[in-house]
Number of protein chains: 2
Amino acid sequence: MVSGDGPGAGGVDPQQLWLSSPRPRKGRKPAFSRAAITAAAVALADAEGIDAVTMRRVASQVGAGVMSLYSYAPDKETLLHLMVDHVSGELSPPAPPTGDWRADLKAIAHAQRALMLRHPWLPTALFNRRWSLGPNTLAFVEHALAALRPTALDGAAKLEVFSLITGFVARLVADEIAQAALAGSPERAAAEARYLAAVAADGHHPELAEALAAPVRPLTPDATFARLLDRMVDGLDTGP
Amino acid sequence: MVSGDGPGAGGVDPQQLWLSSPRPRKGRKPAFSRAAITAAAVALADAEGIDAVTMRRVASQVGAGVMSLYSYAPDKETLLHLMVDHVSGELSPPAPPTGDWRADLKAIAHAQRALMLRHPWLPTALFNRRWSLGPNTLAFVEHALAALRPTALDGAAKLEVFSLITGFVARLVADEIAQAALAGSPERAAAEARYLAAVAADGHHPELAEALAAPVRPLTPDATFARLLDRMVDGLDTGP
DNA sequence: CACTATTCTCGTACGCGGTACGAGATTAGG
DNA sequence: CCTAATCTCGTACCGCGTACGAGAATAGTG
C-alpha cells in the first residue's frame, strides 16, 4: 500500500487516508499517483456522470491495470472521498473574512454553487456519504469558521450553520441540474406536463391546480438561488 | 404489463406509472400486486438498508420469480419511486391547516422527520432521484400548499418553500442517522476523534481547534431539529 | 555483485447486480 | 376448442467491485 493500511473494520481510518506516510525505503516505485487517479476519476464523472466512474474505466483512463488502483485507494468508496476533496481544492484560497459574516457566508455559498455546477455529481456525492475531511475540505471549513467569528455562536453551532448552508446549496444545485436535464429532453418534459395537467384536472388537487395555473415566472436559476440564499442567511440568528 | 407500457425512451412516463389502466379483459390473472411488491421492498429497506433491496431479494420475499417483478415495475428505479410514494402514504391524512402557516409548516416538517426516522433510507432516496409525484406524495404536496395559502407567495414560490423544507428535513435526518451510526461503533468514532485531534494540533486550523475544544453540548437530536427548524421557518418571508 | 525483503503491477476469477429473451402457463372472447 | 392476450419465471449475458497470488521492480545487505 502506497500510504499504509489500517486494520479498522468497515470504513477507512481517516489518519491512514489523509496523513501521508513518509514513503517506504524499499520496494518497487509507484507507477501512478493518487492525484492522477483521482483527477482521472473526476474528469470521468464530469464528462459522463458519476455512474461512469467504475474501477475499470478509471484504470483504463490512467493506463493502469484495474487492480493497480487498489494500491492507491483501498476501495471505491475511498476513491469517491478522494474525488470530493480533490475538487474542493478549487475552492481555496477564498477571500479573507470581511467582518460582515452574512456577506461572507453568502460568498461561501456562491463559491460552493459554482463548484457544484462545474461538477454536477458533487451534490449527490456530498449527501450520500458521511464526510471525510480531507485537507482541502478542512481548509474550507476553517475559512467558514473564521467568517462566522463575529457571531455569538459557539463552535458546534458554527459547524451546524456551515453544514446547513452546504446542504442548502447542494439541494438547490441538484434541483437546478435536474431542471436543466428536463429542459434538455422535451419529450420527458412534455410527459411530465401532461401528467400534472391530468392531476390538476381531476378535481382532488385544487391547490396544486391553482399553483400550476399561475403564469411561469421567467426567473434565472441564479436569481432564484440568490433570493433563497438571502432569505436563509438573513434568517439565521446569532443567538446561542 | 399489468398497468400498460410506454414507448418513452429513458425514464418512465408518469401517466403510465401512476394512472391505473382499467385492467385488461384477456390474459392470465396477476399472481401478485404492485402494492405487495412495494411493501416487501420497503420492509427489506427498513430492516437491512437500501442496499438490501435487490430484485432477487424482493422477489424471494414475495414468493415470486425474479423476472415476475418486471410485470409490475419496468425497472428498479421505478420500484424505488413506488417505495417513496408508498411510505409517503403514512403522512396522510394530516391535520387541516390552522391558519397559522408557520406552525403548519413546522408540523409538516416534524411529520416528515418522523417518517424519515422510521425509514432511514428515505432521505437519500429523496435526494438522489428526481421526484416522481405519486398519489400519496401529491396529497401531501396539496396539504402543504393549503397550509401556505395565508402567505402572499405565488404558486411557484410555495412549491419552492415546500421543496426547501423537505430538503432541510432530509439533510438533518441524514446527519442524525449518521451520527447515531457513528455512536454505535466506538472504534470508528475514536478513529475520527483521533484524526480531528491531530488536525487541530497541527497549527494550521486554529478556528477548527477552537471549535472542537469547546465543551460538547448534550443536546438531543429532537431539540436540535426543533431549534433549527424554528430558525428556518421564522426566517422565511411572505413577500414575493 | 548476488541475495533477499519489500512494494507495486495486474491477469484471472468469483459472486452478485440488473435485466433481455423466450418458452410455457393461464385466462377470456369468438 | 381455438386463438389472442397476458402473466410467470428459468436461463443467460454483461458489467460491477474486489480477493488472490504470481511476477516484476527496487533498495539495502553481505
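Chain letters run A, B, ... following the sequence lines, proteins first and then strands; every chain starts at 1.
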Using a heavy-atom cut-off of under 4.0 Å over every strand shown, decide if A/A64 touches base, sugar-phosphate, or nothing.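 Sugar-phosphate contact only.
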Under 4.0 Å, counting only non-hydrogen atoms across every strand here, what does A/G65 touch: a base, just sugar-phosphate, or nothing?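 Sugar-phosphate: the residue A/G65, judged by heavy atoms under 4.0 Å, touches backbone atoms but no base.
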Phosphate OP1/OP2 of [N]: any [X] side-chain N/O under 4.0 Å:
| X | N | answer |
| --- | --- | --- |
| A/Y70 | D/dC20 | no |
| B/K26 | C/dT27 | no |
| B/S71 | D/dT8 | yes |
| A/S68 | C/dC8 | no |
| A/Y72 | C/dC8 | no |

On DNA chain C, check which nucleotide each of B/R25 and B/K76 is closest to and give me the residue with the more 5' one.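 The 5'-side residue here is B/K76.
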How many whole angstroms separate atom [atom1] of [X] from atom [atom2] of [N]?
| X | N | atom1 | atom2 | result |
| --- | --- | --- | --- | --- |
| A/R34 | C/dT7 | CZ | P | 16 Å |
| B/D75 | C/dG18 | CG | C1' | 10 Å |
| B/R56 | C/dC16 | CZ | P | 9 Å |
| A/L69 | C/dT7 | CG | P | 20 Å |
| B/K29 | C/dG29 | NZ | C1' | 15 Å |
| B/I37 | D/dC7 | CD1 | P | 12 Å |
| B/M55 | D/dT8 | CE | C1' | 14 Å |
| B/L79 | C/dG18 | CG | C1' | 12 Å |

For the atom pair [atom1] ([X]) and [atom2] ([Y]), what is the distance rounded to the nearest 0.5 Å?
| X | Y | atom1 | atom2 | answer |
| --- | --- | --- | --- | --- |
| A/E192 | B/L133 | CD | CG | 6.5 Å |
| B/L82 | B/R34 | CG | CZ | 5.5 Å |
| A/Y195 | B/L138 | OH | CG | 4.5 Å |

Nearest listed nucleotide, side chain of [X], among [options]:
| X | options | answer |
| --- | --- | --- |
| B/R28 | C/dT12, D/dC9, D/dT8 | D/dT8 |
| B/M67 | D/dT18, D/dA27, C/dT19 | C/dT19 |
| B/V66 | D/dT8, C/dT19, D/dT18 | C/dT19 |
| A/A31 | D/dT6, C/dT9, D/dG17 | C/dT9 |
| A/P24 | C/dG18, D/dC9, C/dT7 | C/dT7 |

Side chains of B/R171 and A/S163, donor plus acceptor under 3.5 Å: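 On atom types as modelled, these side chains qualify, holding a pair under 3.5 Å.
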Test item: side-chain donor near acceptor, B/S88 and B/D85, under 3.5 Å: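 Distance-only check fails for B/S88 and B/D85.
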Report the C-alpha distance between B/L172 and B/R113 in whole Å, list the side-chain angles of each, state the deciding distance to 0.1 Å, and finish with yes or no for side-chain contact (heavy atoms from CB on, under 4.5 Å). CA-CA 9 Å; B/L172 286 194; B/R113 171 167 176 260; over 6 Å; no
